[in-house]
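This report concerns only the one structure given below.
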Amino acid sequence: MTLDDGLFKRPGVRWLSGILLVAAVLVAIRLVRQSGGDDEGDVMPIVPVSVASITQATLQGYVDLMGTVEPAPVTDEMTAGGAKVAAPVAGIITDVRCAEGQRVEKGAVLFSLDHRVADVAVARATQALRFAEETFARQKQLVAGEATSRKLYQEAEQNLMSARSESAMAEAQRALLNVTAPLAGIVTGVHAKPGDAVDLTTVLAEVVDPDRLVLSAGVRSDEAARVRAGQSATLLANRADVDTGHALTGVVLFVASQIDSRTDQSLVRVSVPRGAGVRPGQFLRARIVVDVRRNRLAVPVESVVRRNGASAIAIVVADSIVWHPVQEGLRDGSLVEVTGTGLKAGQTVVTVGAYGLPGSSKVRIAGR
């Protein structure tokens, strides 16, 4: 089936045609009555109508929603699709090595903080380590020839271990002054410049992986129970996506169990396929398939009218119509499921112009 675009449908030519046909029927009936055609034996006018066939189709039920594209949150299976970058220690920014729109790899240096004090600490720790290594090596040779005491050898060994620990700590402290990308992706924002004083709460930049995005949207509480993780969803950026068949296919990843009392909606996340070309912050429409009914009899929506408080369709038999009461079921775009006695696929039903036709009307199919 083609994707239903009922969400975007606007009144058009079909409605105008229906109004004109109904008007034609009423005028014809009035003319007959004015000429004394109220008797049962008088000839009824032949009314032009548009028709369609009862079809056997697969109908789908949908939940429509609109939401915002954003980085995928962290889950048990994968890391987050985006991150706000902050410095692990307080300091002064001396170098900015990224720009908005730049693609970066995980671990790439984005910012550098003033590391002059850290450099001095590393130099001192390195010098102390070198001295400790030389002292231990000398004590190791002496103890082998029994030219030194066991106590001096153990002290040299302990000093070497302590120097190694202090050197590693100094190196680690200096490494913290280089702020790196926590994931591979696109830099979507840079919020700091050289000379800025920053601390652990300062957001320096934002990085987003364009291949790990989701659509976050709200579903009304009366429809939330029909939406479940794993259901198929169609993502639409605009009407052109429907007309050109460029709609994206996603999957429902998450349905919140709680309803937001402020909006009467439940949060739903839908996956965005890789390479979709959408951006964080972009609005998208989504259509989630919540029901599938196969091999059902269906007619155009406009062919079902209300008669005597019930739904009915006008079936064309020869050059006349016969009204059949029906029960309406699932509506899928321009089609609606119908059930009733004597209905079968292939029967011809009146579409535009069905409303207002008397039961004994003679009809002519428009265009024939």
Side-chain angles (χ1 to χ4, degrees), residues 1-15 55 57-73 75 78 80-82 101 185-186 188 208-256 259-260 263-294 296 298-302 329-337:
M1 292 186 60
T2 58
L3 175 66
D4 166 34
D5 60 347
L7 181 63
F8 319 109
K9 200 167 185 180
R10 299 179 180 176
V13 176
R14 177 176 294 177
W15 292 103
T55 58
T58 297
L59 303 177
Q60 296 180 330
Y62 306 98
V63 169
D64 293 316
L65 47 85
M66 176 182 286
T68 306
V69 176
E70 59 185 33
T75 65
M78 64 174 58
I186 304 296
T188 59
V208 174
D209 184 348
D211 290 332
R212 285 189 287 166
L213 300 175
V214 297
L215 172 67
S216 292
V219 175
R220 298 198 314 267
S221 59
D222 59 336
E223 295 184 330
R226 304 171 64 196
V227 181
R228 298 181 301 276
Q231 289 174 330
S232 175
T234 301
L235 308 178
L236 307 167
N238 48 54
R239 183 183 175 87
D241 289 338
V242 179
D243 298 336
T244 61
H246 289 164
L248 307 171
T249 300
V251 176
V252 177
L253 300 175
F254 170 80
V255 181
I259 302 296
D260 189 334
T263 62
D264 193 37
Q265 292 182 336
S266 182
L267 175 64
V268 172
R269 292 194 185 99
V270 178
S271 65
V272 175
R274 292 176 178 269
V278 299
R279 301 178 180 181
Q282 181 176 346
F283 284 99
L284 288 183
R285 293 179 174 89
R287 171 156 290 168
I288 302 172
V289 179
V290 296
D291 192 6
V292 178
R293 301 183 186 180
R294 306 183 187 280
R296 303 300 177 94
V299 297
V301 173
E302 61 268 26
L330 184 64
R331 179 172 295 194
D332 185 353
S334 61
L335 295 178
V336 60
E337 176 188 359

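Reckoned from all heavy atoms, side chains included, excluding hydrogens, waters and symmetry mates. From a predicted model like this one, the values you see are computed outputs, not experimental measurements.
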| Any sub-3.5 Å donor-acceptor pair from Asp332's side-chain atoms to Gln60's backbone N or O? | yes
| field | Donor-acceptor contact present, side-chain Ser266 to main-chain Ala256, <3.5 Å | value | yes
| query | With a 4.5 Å heavy-atom cut-off, do Thr68 and Phe283 have their side chains touching? | reply | yes
| field | Spacing of Leu330 atom CG and Glu337 atom CD [to the nearest 0.5 Å] | value | 6.0 Å
| remark: Rounding to 0.5 Å, atoms CG (Leu235) and OG (Ser271) come to a distance of 7.0 Å
| query | Which pair of heavy atoms, one from Ser232 and one from Thr249, lies closest together, and at what distance? | reply | OG-CG2, 4.2 Å
| field | Point-to-point distance, once rounded to the nearest 0.5 Å, from CG of Asp222 to CD of Gln265 | value | 10.0 Å
| query | Under 3.5 Å, is there a donor-acceptor pair between the side chain of Arg285 and the main chain of Asp64? | reply | no
| query | Yes or no on side chain to side chain contact (heavy atoms under 4.5 Å, CB included) for Val292 and Thr58, after CA distance, side-chain angles and deciding distance? | reply | CA-CA 7 Å; Val292 178; Thr58 297; 3.8 Å; yes
| field | Sidechain-backbone polar pair: Glu70 side chain, Gly82 backbone, donor-acceptor under 3.5 Å | value | no
| field | Donor-acceptor pair, side chain of Gln231 and main chain of Arg228, under 3.5 angstrom | value | yes
| said: How close do Pro71 and Val208 get, counting heavy atoms only, and between which atoms? | reply: CG-CG2, 3.8 Å
| note | Between Val272 and Leu215 the two heavy atoms that sit nearest each other are CG2-N, 3.8 Å
| message | Looking at every heavy atom in both Val301 and Gly333, which two are closest together, and how far apart are they? | response | CG2-O, 3.6 Å
| Looking at Asp260, Thr263, Asp264, which hits side chain to side chain donor-acceptor pair (under 3.5 Å) with Ser221? | Asp264
| query | Looking only at heavy atoms, what is the nearest atom pair of Ile288 and Leu65, with distance? | reply | CD1-CD2, 3.6 Å
| Atom CG of Leu284 and atom CG of Leu213: how far apart are they, to the nearest 0.5 Å? | 10.0 Å
| query | Which atom pair, heavy atoms only, marks the closest approach of Val336 to Pro300? | reply | CG1-O, 4.3 Å
| said: Quick check for you: to the nearest 0.5 Å, what is the distance between Leu236 atom CG and Leu248 atom CG? | reply: 8.0 Å
